[in-house]
Amino acid sequence: MSLSNRYNPKETETKWYAHWEKNNYFHSEPDEREPYTIVIPPPNVTGVLHMGHMLNNTIQDILIRRARLQGKNACWVPGTDHASIATEAKVVKLLREQGIKKSDLTRDEFLSHAFAWKDKYGGMILQQLKRLGASCDWERTRFTMEESLSKAVVKVFVDLHKKGKIYRGLRMTNWDVEALTALSNEEVIYRDEHSQLFHIRYDIEGDSNEGIIIATQRPETIMADTAIAVHPDDERFKHLIGKNALIPLINRSIPIIEDTYVDIEFGTGALKITPAHDPNDYEVGQRHGLEVVDILNANGTLNENAQILVGEDRFVARKKIKKLLEESGNLVKLEDYTTSIGHSERTDAVVEPRLTLQWYLDMKDFAATGLKAVKNGEVKFYPESMWNMYYQWLNEDNIRDWCISRQLWWGQQIPAWYVRTADGRRWTVDGQEVAFVGGTVEEALGEAKIKTCSNNLTVKDLVRDEDVVDTWFSSWLWPITVFDGFENTDELKYYYPTNTLVTGWDIIFFWVARMIMAGYEWSEELLGADLKGKQPFNDVYFTGMVRDNKRRKMSKSLGNSPDALELIENYGADGVRFGMLSCSSAGNDIIFDAPFDPVTKKSLNESKLCEQGRNFCNKMWNALRLIKGWEIEDVEQPPINELAVRWIKDKADTVMDNAEKSFDQYRLSDVLMGQYQLIWSDFCSWYLEMIKPAYIGDGKSKPLDRKTYEATIGVFEKLMVSLHPFMPFVTEEIWHQLRQRQEGNDCMVQSYPKAGKIDEELVAAFEKAKDVISKIREIRNNKGISPNEALKLFVEKSGPSEKLLDKGGIKEMLMKLGNLSELTMVNEEPSNTVSFLSGTGKYFLEVNIEIDAEAELKRLTEEKNYYIGFIKGVGKKLSNERFVNNAPAPVVEKERQKLADGEEKLRLVEESLEKLEV
RNA sequence: GAGGCUGUAGCUCAGUUGGUUUAGAGCACUAGCUUGACAGGCUAGGGGUCAUGGGUUCGAAUCCCUUCAGCCUCACCA
């Protein structure tokens, strides 16, 4: 057989992914096994794979593959999110480029464009996940806007409306002037920005000599003012209260009122009140019964109410009004000012507070439920500290109702209808529109007939609410709807609650919290006696944000992110998986150090960590080549090989044992590093070197005994299975190279190895031998003696060293790996040797060069000083009576042993020193 | 303004309820190796007053407080 001396990920990755898919290994159906379920955080249907996805999905794949190897029924449900604002914005832009305006299209026309686009480009990201090796059950791929999931949205909307938790109200909402829709509070991102504070003088009506100066950073809204407010205790303005002021430029008269909301210290102490364009002013206005003058259109331009600058954009108007105020002499002062400005998460437009009619979900009960679920441990957070953030948002002082309506078309239309009256308007009660909510128009009609007391109404008299629901109003149902739980609970009762949710902490409010709420709201109603738990998932593993070495979030716009697929191209999927994982711990942000091109300042598609992963694959590949290159014969197993086999089995079991514990706490990078060390250092550097047959020249080696060979293949197989969740492709490939396999005998469907009983004494003896070998090598290095030159080693006769060398295979191990020609026990220190200590055993290495006495003296003196310091430290502890009396006995005993060892070592070093000095 | 997280080797990080020979790994660095699986390799080495100052304790990287630095969340801001 001839294998290339480099592992080739490209070939094997496509080959094995296709093989796994062909064998239907990713698919899950309910059966008698224990389920292990993960629902993917659905990426935007139009998204492309980025570093965050890579991290996230690598972790999910590790958990899923491990569960599968453990014999569980592993089910990883993939899918995409329709991402209403983001996708609609993209489609609108695309149509505009084709010369089509959204406003010229009907709703249905627009939606067919959007679906066409989604069908063409959507789901690309899922294809990209396959490159990463994600073992999702692709047959179960879902989309938040497909029929069954949309039906569920309508169902829960109607249900919540019936329960009195959904209401429609006129509120100050965050308005996105670009997308022309309301936003929830969570969709507003605040950033500090430089701005100016305008000090503007308003004349007092009837006395043009008197004026009042207010400070504002939004001068373009003065035309919407309906009062000026001052603090009741502010002496400066007492005489003006009750008088009227005139708005500059338009000379509209507004009252001067007093309100404790005003901060005397800030600005001029006088505050213009603009109820239509500021949430706080709106409240002040309500308290004082002020009129609301709205001077802005939905797109952020000024309307006729403004009287001046009509049609101008708000920011253009700001510049223009500055000039007008300067000319009129009303602009008294300009002050630099920094303030935080809200932007739309999706379009980045500056958010405008706007008074609009929107649908809200009452969050009070939901929030309490959400808090309880985590507090009582039904949902566990990893890391636990995420609770703080969660609590802050959900506690009753902070929680706010969820604005769930959006003025968009791409999404689930709100199932509410209004009755059209004879004059073409909507039927009202006490001046308020009445909405009839129902699962179908007929249901709504039934309601309408009763409420309006008119039996002649037909569906033609009803007009449907134009709005759609917030994207998250569909994704909060994801753990239920991916199993069609609102229609049929057959699968839900098997898979619910899911096991682990893996997601970034940035969507803890948007998504995680709300899924928990939805789970508690409906799972019991749906499952009843079959309910295994109300929580949608037992554990939440929060990944950190992937950042660059300057700690900036990796993003396309910054150009600081390597291209995910290019990385896979360069290092292989396994290499990238290794790289991602080796720098990640739960909850902490991940610094993914990828070098930058010094010229373009863009990230290169390179990574040291991924390179390490690639090298690791290569290392394992070459271990395979080595083993497969040996000749095998039915000869007796030498003691050194027997020792090696017993040791590597124990070592592997120890690592496996620790891995179990780490896995249970989601310490995945610990598990991976354990495997890495085990394979590279223990298996390749020690084990294989030990059993490696001697070279006899002419490219030939002695044959290996069959027993050792079989054991080696067995251990290698075990290593591949336990590494498989992390690096699925290379392990599968090696698995198949190790032995001829029957169809279906694949690495990914083996059983996870279980740790056996460990011979601690053997492991300890082996470690001692390793130490002796390392020290021999160190002396060779220091003295410039070639590793090829065989040396003589003398061992001082003592209980422990005799015991060590008596252990089967140890002597042979020392001779082989230390390259010794002789190993002899002595009572006296032989001449012309270099002495060293290993444990409390004393060793003498014969070197055929002249010993530099001075250097030896220096080395031994340093060693001596170390032990003196060490003994002093331990001695101090032991002479402290309180330590001896208070510390647990085993701790004290250990310290005594440390002291005894230290003293013995010191004695041995001093002995050598004396000898040297003579 | 309220709250949270982090600070350990040049870099990225471990260090699990305080006690495992006066702190570990990988990368980077240094020295040696035409080694017959692998130079994407092998062998060895140097490098840390565990941010700071206190406290609790027989014992602190680990627990408590101070200060400093970085990051984050929420709220408010005329």
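We name chains A, B, ... by the order of the sequence lines, and we start the count at 1 in each one.
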**Asked** Between A/Lys700 (NZ) and B/G36 (P), how many Å, whole number?
**Response** 17 Å
**Asked** With respect to the side chain of A/Lys608, which nucleotide from B/C72, B/A37, B/C27 is positioned closest?
**Response** B/C27
**Asked** C1' atom, B/A14 versus B/G26: distance in rounded Å?
**Response** 10 Å
**Message:** Rounding to an integer number of Å, can you tell me how far A/Glu893 CD sits from B/U20 C1'?
**Reply:** 14 Å
**Prompt:** Once you round it to whole Å, what is the distance between C1' of B/U21 and CD of A/Glu903?
**Reply:** 13 Å
**Prompt:** In the strands shown, is B/U12 matched to any nucleotide by a Watson-Crick or G-U wobble pair with both distances under 3.5 Å, and which?
**Reply:** B/A25
**Message:** For A/Thr216 and A/Gln665, find the nucleotide of RNA chain B closest to each by heavy atoms; which residue's nucleotide sits nearer the 5' end?
**Reply:** A/Gln665
**Prompt:** What does A/Ile590 touch in the nucleic acid at a heavy-atom separation under 4.0 angstrom: a base, only the sugar-phosphate, or nothing?
**Reply:** nothing
**Asked** Are the ring centres of A/Phe509 and A/Trp393 closer than 6.0 Å?
**Response** yes
**Residue A/Arg6, side-chain heavy atoms: nucleotide from B/A39, B/U21, B/U43 that is nearest** = B/A39
**Prompt:** Heavy atoms, side chains only, cut-off 4.5 Å: are A/Arg547 and A/Phe592 in contact?
**Reply:** no
**Request:** Remember a base hit wins even if backbone is also touched, and classify A/Ser685 as base, sugar-phosphate or nothing at under 4.0 Å, heavy atoms.
**Result:** sugar-phosphate
**Request:** Would you kindly give the CG-to-C1' distance between A/Asp548 and B/C11, to the nearest whole Å?
**Result:** 14 Å
**Asked** Which nucleotide in the list B/G19, B/A37, B/A44 gets nearest to the side chain of A/Pro888?
**Response** B/G19
**Request:** Give a yes or no on whether a donor-acceptor pair under 3.5 Å exists between the nucleobase atoms of B/A37, that is its base, and the side chain of A/Glu689.
**Result:** yes
**Side-chain donor or acceptor of A/Thr268 paired with backbone N/O of A/Ile213 under 3.5 Å** = yes
**Request:** Pick base, sugar-phosphate or nothing for A/Arg614, based on heavy-atom distances below 4.0 Å to the nucleic acid.
**Result:** base
